[in-house]
Amino acid sequence: MNKVLFEVDLCKGCGLCATACPKGIIALDTGTLNSKGYHPAQLTDAEKCIACASCAVMCPDAVITVIKE
Ligand code: SF4
Ligand code: SF4
């Protein structure tokens with residue numbers, strides 16, 4: 001399965017990655033705060049990821065790494 005890794009504590013919860021994802025499988029985790037006090041982005045359905053890397057390209061803080069299987 002493709003993997004999308006988040007450096008959770010670097011995320012500022014801007015949501016740009018969620019907007020960029022063509023599969024709509026990234027959302028902010030409203031139940032969690034990272035060390036900066038933001039709700040971090042997370043993957044909601046890993047099986048649907050096509051490893052396009054749009055999320056990683058969009059993120060202004062280089063939080064996301066996409067690993068294509
Ligand atoms: S790699 Fe593409 S499909 Fe996978 S989470 Fe990122 S934007 Fe969505
Ligand atoms: S674009 Fe980057 S900083 Fe913004 S929510 Fe997504 S992972 Fe976090």
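Numbering of ligands and ligand atoms starts at 1, following listing order.
Both Val4 and Ile25 belong to a single network of hydrophobic side chains, linked directly or stepwise wherever heavy atoms of I, L, V, M, F, W or Y lie under 4.5 Å apart. Linking Ile, Leu, Val, Met, Phe, Trp and Tyr residues whenever their side-chain heavy atoms come within less than 4.5 Å places Val8 and Val66 in a single cluster.
The nearest non-hydrogen atom to atom 1 (S) of ligand 1, considering only Cys59, Ala56, Ala53, Ala46, comes from Ala53. Compare Leu16, Val8, Val63 by their heavy atoms: the one nearest to atom 7 (S) of ligand 2 is in Val63.
Contact annotation for Cys17 and ligand 1: no heavy atom of the residue comes within less than 4.0 Å of the ligand. The part of Leu43 lying near ligand 1 is the side chain, judged by heavy-atom distances below 4.0 Å.
Taking a cut-off of under 4.0 Å to the non-hydrogen atoms of Gly13, the atoms of ligand 2 that pass are 5 (S), 8 (Fe). Distances below 4.0 Å separate heavy atoms of Ile26 from the following atoms of ligand 1: 5 (S). Close approach of ligand 2 to Cys14 is summarised as follows: ligand atoms under 4.0 Å from at least one heavy atom of the residue are 1 (S), 3 (S), 4 (Fe), 5 (S). The contact set between ligand 1 and Lys23, taken as ligand atoms under 4.0 Å from a residue heavy atom, comprises 3 (S). For ligand 1 and Ile50, the ligand atoms under 4.0 Å from any heavy atom of the residue are 3 (S). Which parts of ligand 2 touch Lys12 is read off a 4.0 Å heavy-atom cut-off, strictly below it: atoms 3 (S), 8 (Fe).
Contact between Cys11 and Ala41 at its shortest, heavy atoms only, is SG-N, 3.4 Å. The heavy-atom pair separating Thr44 from Ala27 by the smallest distance is CG2-CB, 3.8 Å.
Summary of contacts: the protein heavy atom closest to atom 5 (S) of ligand 2 is Gly15 N, 3.1 Å. Scanning all protein heavy atoms for the shortest distance to atom 2 (Fe) of ligand 1 gives Cys52 SG, 2.3 Å. Shortest contact from atom 8 (Fe) of ligand 1 to any protein heavy atom: Cys21 SG, 2.3 Å. Considering only non-hydrogen protein atoms, atom 6 (Fe) of ligand 1 sits nearest to Cys55 SG, 2.3 Å. Looking only at protein heavy atoms, the nearest one to atom 4 (Fe) of ligand 1 is Cys49 SG, 2.4 Å.
The shortest distance between side-chain heavy atoms of Ile26 and Leu43 falls below 4.5 Å. Proximity of Thr19 to Met58: side-chain heavy atoms (C-beta onward) are nowhere separated by under 4.5 Å. Side-chain contact check for Cys52 versus Lys23: every heavy-atom pair is 4.5 Å or farther apart. Annotation: side chain of His39 is in contact with side chain of Leu33 (closest heavy-atom distance under 4.5 Å).
To the nearest 0.5 Å, the span separating CG on Asp9 from CG on Asn34 amounts to 5.5 Å.
Residue Met58 places no heavy atom under 4.0 Å from ligand 2. Using a 4.0 angstrom heavy-atom cutoff, Pro22 counts as in contact with ligand 1.
Under a 3.5 Å cut-off, the side chain of Glu69 and the backbone N or O of Asn2 do not form any donor-acceptor pair.
Counting heavy atoms of neighbouring residues, nucleotides and ligands inside a 6.0 Å radius, atom NZ of Lys36 exceeds 12 of them.
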